2 protein chains.
Amino acid sequence: MAAQQAHYDDNVIAVIQDRLENLNKSERKVAEAILRNPKAATRYSIAALARAADVSEPTVNRFCRSFSATGFPDFKIRLAQSIATGTPYVGKNISQEDSVAEFADKIVFSTIASLDKARQGLSPKALAEAIDHLIQARQINFFGMGGSAPVALDAQHKFFRFNIPVMSYDDSLMQRMVAAGSGTGHVIVVISYTGRTREMVEIAEMARANGATVIGITAPDSPLSKVCSVALEVSATEDTEVYMPMSSRILHLTIIDILATGVTLKRGVDFQPHLKKIKDCLKATRLPVE
Amino acid sequence: MAAQQAHYDDNVIAVIQDRLENLNKSERKVAEAILRNPKAATRYSIAALARAADVSEPTVNRFCRSFSATGFPDFKIRLAQSIATGTPYVGKNISQEDSVAEFADKIVFSTIASLDKARQGLSPKALAEAIDHLIQARQINFFGMGGSAPVALDAQHKFFRFNIPVMSYDDSLMQRMVAAGSGTGHVIVVISYTGRTREMVEIAEMARANGATVIGITAPDSPLSKVCSVALEVSATEDTEVYMPMSSRILHLTIIDILATGVTLKRGVDFQPHLKKIKDCLKATRLPVE
DNA sequence: GGAAAGTGTAGTAATTTTATAAAAATTCTG
DNA sequence: CAGAATTTTTATAAAATTACTACACTTTCC
């Protein structure tokens, strides 16, 4: 039921944007007309779109065909699906003039878009392997520096509930020491958006050399990704680039959620009361619901 | 341009399912034919769907109209949109039997759903006020305990870039001391999923009594929400309940993103080079892209 | 200057919609 | 409770809209 709908991954809007440069004059006019207001485009007839783009109807038709649709109606259906996925804001960067409501929406939508993209890119096989390693671990350590430190800390909070010794480190010296002292049965999860922080790559290598399992949450084909036992790769295109990473850490946290859920599920029903106990013990610290 | 697209609400498939009982014989046949395979239905012509449902073409047309579409093609567009967004949520609860790919998808989709819901619920006015306070702050402190500690830490990482003294605390004693020592010009951002942690509410009250501005990122109508200068309220329905908070912290992080972006924008273009400098200085720690 | 690619016109084919009539279901009356 | 009358529902067929194809003209690039 899940993967069944992954093959609809061809996000037409994104594809149009990709190929925008390689289109000839008229087809480009069509592309621009669609991108100007993709949602409205789904309601247009071929004649209306032709007028909006200031081209002839057959040109629109040819345009649709070139995006591997059987014709205009088919193309509209695909367009409609792309829009629904939450990509209306692709490319629409946040601007100085935006109202709060506007840029807030843009941020949320771009986060949604990244999540959806990441979902398609995640390898279930790698996830399954990672979960298996985590279940068998005698000890788990999460390493994250800078912007990934909060992610590591969050992971610690989650995995702490599993009754396994778990720690997170954001200090490379501590990480180095832990890696040096690791061995078989230790799992080290290294979190790095770029996957190119030299320090982190070295630490990962060291841990592996000592026999520890290294799980990387990082960018595809990065130096870090290559030295890991299991690499969970996500590419976050930070399109709301305001000089700080935003969606990447959300994606990383979601992967942590998936790993934690995987461990919970594999632990089986017997383990649920334990989790409930941890949750319930917080009740004493809370104000009653009036 | 922002609210204009609330298209996540009108999920045609859900509406059809709702109204299934109240339809007459033929229209019901159409409904069932569509529900049998909604995805295929988007490719059918009106004639093909009529045949599949064993009714006449005008019946199909009337059916579409009764679901407030202007006609069959329009209806197909809506259906296409529903499939992309709506279907995944159906039967969203994670079960023991799920494959990794399945529950991973479910987690991502439920996160997306929460984000979209939060987007609709967020008050732009409250956000704008919060941003104004943050810009004028002489000092900012983020408080978060337990699962919210990573969120507070993340906020610290983000706001550190703004050249204001900023710290995060996850220890209630430290928080209490900071609150006690706060005053006018100090902004304290209190992050709490439930908004009912007694300790946090007390601390927030104390800070306010001292003249500090308290921004709360918390649940609507919670005790904490009531004592804040500005309350940013999000209700995260943790539908993937596995006894640990998941989407709530993602929502909180997204709010942090929005606040940080708001501050960046208001600071204006002059400030951008400073952000770029901070980003660039990390380059030295990275391995080159081969 | 000629081949190749690109674009538009006009006519054709497909699809959808409307008008209308027949059938079924429901209600009302005797 | 039968049976006529009305309303609702459904289908046939014609009209209108929409999308597609063939071909001719224009531009661009060797």
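Residue numbers begin at 1 in each chain, while the letters A, B, ... track the order of the sequences. What you are looking at is a predicted structure, and each value in this text was computed from that prediction instead of being measured.
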DNA chain C: 5'-most and 3'-most nucleotides touching chain B, 4.0 angstrom heavy-atom criterion: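 Result: C:dT16 to C:dA25.
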Position toward the 5' end of DNA chain C (nearest nucleotide), B:Ile46 or A:Val55: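 Nearest-nucleotide comparison on DNA chain C picks A:Val55.
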Gap between atoms CZ and P, on B:Phe72 and D:dA19 respectively (whole Å):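 Rounding to the nearest Å, CZ of B:Phe72 and P of D:dA19 are 13 Å apart.
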Where at least one partner belongs to residues 19-44 of chain B, residue pairs that pass ring-ring contact (aromatic ring centres under 6.0 Å, His included), sequence neighbours excluded: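 Listed once each, the pairs would be none.
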Set of residues satisfying ring pair (Phe, Tyr, Trp, His ring centres under 6.0 Å) with respect to A:Phe75, sequence neighbours excluded: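 So A:Phe75 forms a ring pair (Phe, Tyr, Trp, His ring centres under 6.0 Å) with A:Phe63.
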Listed partners of A:Phe103 passing ring pair (Phe, Tyr, Trp, His ring centres under 6.0 Å), at least two apart: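 Checked A:Phe103 against ring pair (Phe, Tyr, Trp, His ring centres under 6.0 Å); zero matches.
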Within residues 20-34 of chain A, residues whose heavy atoms come under 4.0 Å of DNA chain C: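 Going residue by residue through residues 20-34 of chain A, the ones with a heavy atom under 4.0 Å of DNA chain C turn out to be A:Asn24, A:Lys25, A:Ser26.
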My understanding is that only residues two or more places apart in sequence, or in another chain, count here; which of them pass salt bridge (charged side-chain N to carboxylate O under 4.0 Å, His left out) with [X]?
| X | value |
| --- | --- |
| B:Glu129 | B:Lys125 |
| B:Arg51 | none |
| A:Asp74 | A:Arg78, B:Arg43 |

Contacts of type side-chain hydrogen bond (donor to acceptor under 3.5 Å, both in side chains), residue B:Asp132, not counting sequence neighbours: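 If we apply the side-chain hydrogen bond (donor to acceptor under 3.5 Å, both in side chains) test to B:Asp132, skipping adjacent residues, the hits are B:Lys266.
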Residue list, side-chain hydrogen bond (donor to acceptor under 3.5 Å, both in side chains) with A:Glu27, at least two apart or on another chain: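 Residues passing side-chain hydrogen bond (donor to acceptor under 3.5 Å, both in side chains) with A:Glu27: none at all.
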Test side-chain contact (heavy atoms from CB on, under 4.5 Å) applied to A:Ala118 - qualifying residues, sequence neighbours left out: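 Expected list: A:Val234, A:Leu251.
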Worked check of salt bridge (charged side-chain N to carboxylate O under 4.0 Å, His left out) between B:Arg28 and B:Glu32: CA-CA 6 Å; B:Arg28 188 162 182 163; B:Glu32 278 163 359; 3.5 Å; yes
Sorted by number, the residues of residues 57-71 of chain B with heavy-atom contact under 4.0 Å to DNA chain D: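 The stretch gives B:Pro58, B:Thr59, B:Arg62 as the residues lying under 4.0 Å from the strand, ordered by number.
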